[in-house]
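Below is one structure, written out as structure tokens; comments come after it.
Residue numbers start from 1 in every chain, and the chains themselves are labelled A, B, ... in the order their sequence lines are given, proteins ahead of strands.
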Amino acid sequence: MVSAQHYFDQLMFGVAPYLALITFFLGTIQRYRAQAFSYSSLSSQFLENKRHFWGMVPLHYGILVVLGGHVVAFMFPREVLAWNGHPIRLYILEISALVFGLLTLLGLVMALVRRLVYRKIRTVTSLADIVLYALLLVQVGSGVYVAVMCSWGSSWFAASATPYLWSIVTLDPDISYVLAMPFAVKLHIVNAFLVIGFFPFTRLVHVLVIPNPYLWRKPQVVRWNRGPGSGA
Amino acid sequence: MNVRSQVSMVFHLDKCIGCHTCSIACKNIWTDRKGTDYMWWNNVETKPGTGFPTQWEDQDKYKGGWEKKNGSINLKSTDKKRIALNIFHNPHMPSMDDYYEPWTYDYQNLFTAKEGPDQPTAVPISKVTGEQINVESGPNWDDDLGGSPIYAANDPNLDGLSEDQKAQLQAIERLVFFYFPRICNHCLNPACVASCPSGALYKRGEDGIVLIDQKKCRAWRSCVSACPYKKTYFNWFTGKSEKCILCFPRVETGQAPACFHSCVGRIRYLGVLLYDADRIEEVCNLPDEELIEGHRSLILDPNDPEVIKAAKRNGIPDAVVDSAQQSPIYKFVIDWRIALPPHIEYRTMPMLYYVPPMSPVMSVRNEDTIEHVSDNLFHDIDEARIPMKFLANLFGGGHEAKVVYALRKQKAIRWYRRALTVGDVTMETAKQMLNEADCTVDEAEAIYRLTSLCTFEERFVIPPSHREEAIEMSQDPHERRQSTGFGFLAGPRRGL
Ligand code: HEM
Ligand code: SF4
């Protein structure tokens with residue numbers, strides 16, 4: 001018997017990831033081609049400079065570490081499990097993950113409050129920003145909830161989330177890994193696909209244009225209209 | 001020798017009347033869009049005064065420019081090593097409070113107000129939020145307020161002045177001020193360019209104009225902090241930085257930039273300087289007191305056959321070399337040495353120079369008579385109403401000698417002209433002054449001519465840009481012929 005529940009699960013965990021990824025790639029590429037100008041972090045520091053620090057810094061330090069953790073567990077599940085073999089190391093990993101998760105949540109809330117409280121910042125808040133904040137709140141909120149309620153996430157992520165994610169990447173989705181998970185985890189996963197799918201239509205595109213050549217280019221930049229090497 | 005050409009500028013402060021025509025010309029052309037209302041790519045400040053943004057010269061606060069440390073120069077604000085930490089929140093970025101909240105007025109109210117006991121007023125409306133605001137400051141709030149205890153007394157250039165000198169600047173009947181028009185200096189070692197994580201800022205190779213690539217700018221805002229002159233501005237609406245473009249579309253077509261063209265006092269000069277790009281780094285590392293000479297030494301003599309040869313080798317068109325030979329800037333900066341770079345100690349090597357202003361004559365009351373002649377002919381320069389130390393902080397990197405030199409020459413020329421036209425000074429005295437000011441009669445005549453009688457063509461010697469060659473490099477003229485003049489321009493739309 002194939003139940004409605006089954007179709008729903010298939011849709012959420014088997015189909016949604018592909019919809020999200022397709023939108024992500026097509027959307028970001030097309031936006032870059034048509035409107036490169038619109039790729040900007042749309043900083044609002046100029047309009048409000050004090051609360052800004054308390055939102056942006058925790059938000060970014062937190063999210064970058066947490067995302068980094070997800071990537072490591074995805075790429076090197078065996079190493080993570082081996083590391084967790086010692087309880088002490090497991091505690092260290094779990095606690096730091098939780099701390100950075102809370103940092104992200106704190107930053108996100110501060111940033112959101114700042115957006116709503118300051119009149120000047122509200123004038124540069126778009127509908128996309130509001131949807132994005134809602135999605136991120138669900139994402140980070142559910143993440144922190146999972147970290148607290150479903151202990152030892154660093155281990156079970158490596159053991160069951162990683163195989164699921166790989167099954168998606170290898171175009172052979174095996175949703176059995178996720179079906180057994182608690183609701184909060186499922187929410188975290190589905191919402192992640194929403195964030196990815198919505199990504200091209202938000203300011204999140206700034207993540208794709210983070211400056212790296214800066215670290216190795218010469219300090220000064222000169223452009224020649226008559227083509228490189230044409231001298232003066 | 002790596003010869004490059006730079007469109008450079010001189011502002012003659014002794015001629016500036018503070019009318020702000022330049023600022024308005026610029027504003028009407030470039031910065032009347034949403035998000036740019038607060039920007040003044042050209043502004044005219046009263047000195048002493050706090051300037052725009054407030055106290056921009058206070059680099060302890062804003063951390064603009066370069067600093068010399070352990071034998072090399074580093075950006076004071078954020079460089080490669082610190083960018084990762086500072087990109088989310090730029091610790092030294094000025095905010096709108098340091099500039100002002102732009103506003104307009106609710107003029108409709110004058111027509112639509114209900115009948116009442118009072119005259120209707122046009123209340124100020126913020127151009128950011130659209131709501132009524134209480135206007136507390138503006139881009140020129142300290143205009144003409146020399147002597148003011150709020151503005152003039154807080155000028156960062158008062159550093160190092162004695163208490164007496166500071167008091168003198170405020171004393172009633174003796175207070176003094178002058179105007180300081182400012183645009184981007186299109187520096188040789190621009191801090192804004194060096195600070196941009198995205199590499200969106202660049203210096204144009206052909207004419208040295210510093211620009212921001214709007215498609216590459218991602219609002220990391222490093223340039224705003226890094227420019228010590230605060231001449232890159234953040235467009236809060238589009239999320240992109242913008243700055244003075246020296247009206248390059250005008251310059252490329254042989255016209256003077258709008259602020260130059262419209263200048264009522266005719267204080268502005270524009271022309272080419274040839275310089276040696278290979279020596280910039282070396283000069284930027286000189287000790288403070290050698291910076292002005294070092295900066296001058298970068299500029300090459302456009303009549304020197306070696307330089308001309310090297311310029312040719314670098315592909316500089318003959319017409320540009322010709323233009324450099326006619327350059328009024330070369331005369332002011334190198335031949336006459338009376339134009340000085342602003343705040344050379346920021347080490348960005350600005351290519352806009354200022355002729356320092358003369359103060360009103362300082363007189364001595366002797367019983368019933370007021371005298372202003374003493375045995376020392378240059379008496380009133382050494383005891384000028386604007387303390388020399390103040391001008392030295394602005395134009396001498398803190399050292400007075402170069403400023404005194406420029407003022408003595410100007411004064412000697414005035415006396416020389418006085419001897420010729422008014423006759424209350426003997427020619428002998430005038431020539432003695434010229435001599436002491438390191439100036440010949442011919443030079444005096446030339447300076448007089450370029451300062452007082454200058455025509456449009458003498459003030460602006462604009463090099464040909466040869467944009468047609470630039471286009472030919474990338475496009476076949478025959479194909480271009482059939483495709484140009486029709487197409488689509490995409491407006492700058494704010495990102496989601
Ligand atoms: C290394 C990577 C990143 C860099 C360099 C970066 C940089 C920035 C900058 C400069 C801003 C503008 C802040 C301002 O001045 O107003 C910003 C805003 C923002 N970033 Fe990032 N970011 C990065 C990664 C991320 C990631 C991974 C996320 C999350 C999913 C994220 C979410 C946001 C959000 C939501 C805002 C808007 C905050 C607001 O203005 O209210 N960023 N980012
Ligand atoms: S237009 Fe000329 S004279 Fe008038 S303020 Fe500007 S620079 Fe000075």
Side-chain angles (χ1 to χ4, degrees), chain A residues 31 34-50 52-61 107 119-120 122-124 126-129 132 200-206 209-232, chain B residues 3-5 80 83 87-91 93-97 101 126 128-131 189-190 193-194 196-199 201-206 211 214-221 224 234 236-240 311 313-317 320 466-467 469-470 473-474 490 492-496:
Chain A
R31 177 165 170 187
Q35 278 283 329
F37 180 83
S38 76
Y39 269 64
S40 162
S41 71
L42 294 177
S43 167
S44 56
Q45 180 173 4
F46 181 70
L47 296 175
E48 194 286 317
N49 206 351
K50 296 203 176 66
H52 183 269
F53 175 89
W54 297 104
M56 293 310 136
V57 171
L59 167 65
H60 282 94
Y61 281 9
R119 190 61 191 80
K120 281 193 202 129
R122 247 189 294 158
T123 59
V124 288
S126 64
L127 184 63
D129 286 330
L132 176 64
F201 314 105
T202 67
R203 65 167 76 220
L204 279 191
V205 290
H206 73 276
V209 287
I210 50 166
N212 41 53
Y214 185 52
L215 300 177
W216 55 81
R217 75 148 212 255
K218 282 198 208 151
Q220 297 298 359
V221 183
V222 177
R223 280 200 207 168
W224 300 94
N225 276 324
R226 274 171 240 143
S230 70
Chain B
V3 184
R4 284 191 195 159
S5 117
K80 290 182 187 187
I83 189 71
I87 198 163
F88 312 115
H89 172 85
N90 190 321
M93 184 179 166
S95 74
M96 188 170 261
D97 300 336
E101 186 168 344
S126 162
V128 182
T129 63
E131 289 173 354
N189 182 34
V193 175
C196 179
S198 293
L201 286 105
Y202 61 99
K203 192 170 177 65
R204 298 213 300 190
E206 290 80 2
L211 296 175
Q214 291 286 302
K215 282 195 175 166
K216 280 181 93 181
C217 171
R218 312 285 181 216
W220 312 123
R221 6 183 240 306
V224 181
F234 187 71
W236 53 266
F237 183 68
T238 57
K240 306 275 165 164
R313 222 181 308 125
N314 264 7
I316 297 181
V320 173
H466 293 297
R467 288 291 284 171
E469 288 175 21
M473 290 292 294
S474 53
R493 269 220 330 259
R494 177 186 159 89
L496 293 160

Interchain contact, [X] with chain A, by part (heavy-atom threshold 4.5 Å):
{"X": "B/Asp97", "result": "side chain"}
{"X": "B/Pro94", "result": "backbone"}
{"X": "B/Leu201", "result": "backbone"}
{"X": "B/Arg204", "result": "both"}
{"X": "B/Ser126", "result": "neither"}

Contact check, side chains of [X] and [Y], non-hydrogen atoms, under 4.5 Å:
{"X": "B/Ile87", "Y": "A/Pro211", "result": "yes"}
{"X": "B/Arg4", "Y": "A/Val222", "result": "yes"}
{"X": "B/Thr238", "Y": "A/Phe37", "result": "yes"}

Please report the interatomic distance [atom1]([X]) to [atom2]([Y]), rounded to the nearest 0.5 Å.
{"X": "A/Leu47", "Y": "B/Phe234", "atom1": "CG", "atom2": "CZ", "value": "8.0 Å"}
{"X": "A/Leu42", "Y": "B/Arg218", "atom1": "CG", "atom2": "CZ", "value": "11.0 Å"}
{"X": "A/Lys120", "Y": "B/Met96", "atom1": "NZ", "atom2": "CE", "value": "6.0 Å"}
{"X": "A/Ser38", "Y": "B/Lys215", "atom1": "OG", "atom2": "NZ", "value": "10.5 Å"}
{"X": "B/Met93", "Y": "A/Asn49", "atom1": "CE", "atom2": "CG", "value": "7.0 Å"}

(message) Looking at chain B, which one of A/Pro213, A/Pro219, A/Ser43, A/Gly55 has the largest number of heavy-atom pairs inside 4.5 Å, strictly under?
(response) A/Ser43
For [X], is it the side chain, the backbone, both or neither that has a heavy atom under 4.5 Å from a heavy atom of chain B?
{"X": "A/Ser126", "result": "side chain"}
{"X": "A/Gln35", "result": "side chain"}
{"X": "A/Arg31", "result": "side chain"}

(request) Taking A/Tyr214 for its side chain and B/Ala194 for its backbone only, find out whether a donor-acceptor pair lies under 3.5 Å. (result) yes
(message) Has A/Ser40 got a side-chain atom pairing as donor or acceptor with B/Gly239's backbone, closer than 3.5 angstrom?
(response) yes
(request) Classify the angle between the aromatic ring planes of A/His52 and B/His89 as parallel (below 30°), tilted (30 to 60°) or perpendicular (above 60°). (result)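 Answer is tilted, since the angle falls between 30° and 60°.
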(request) With a 4.5 Å cut-off on heavy-atom pairs, point out which of B/Val193, B/Ile83, B/Asn189 contacts chain A the most. (result) B/Val193
(request) Pick whichever of B/Gly130, B/Ala219, B/Gly495, B/Pro197 has the most heavy-atom pairs under 4.5 Å with chain A. (result) B/Pro197
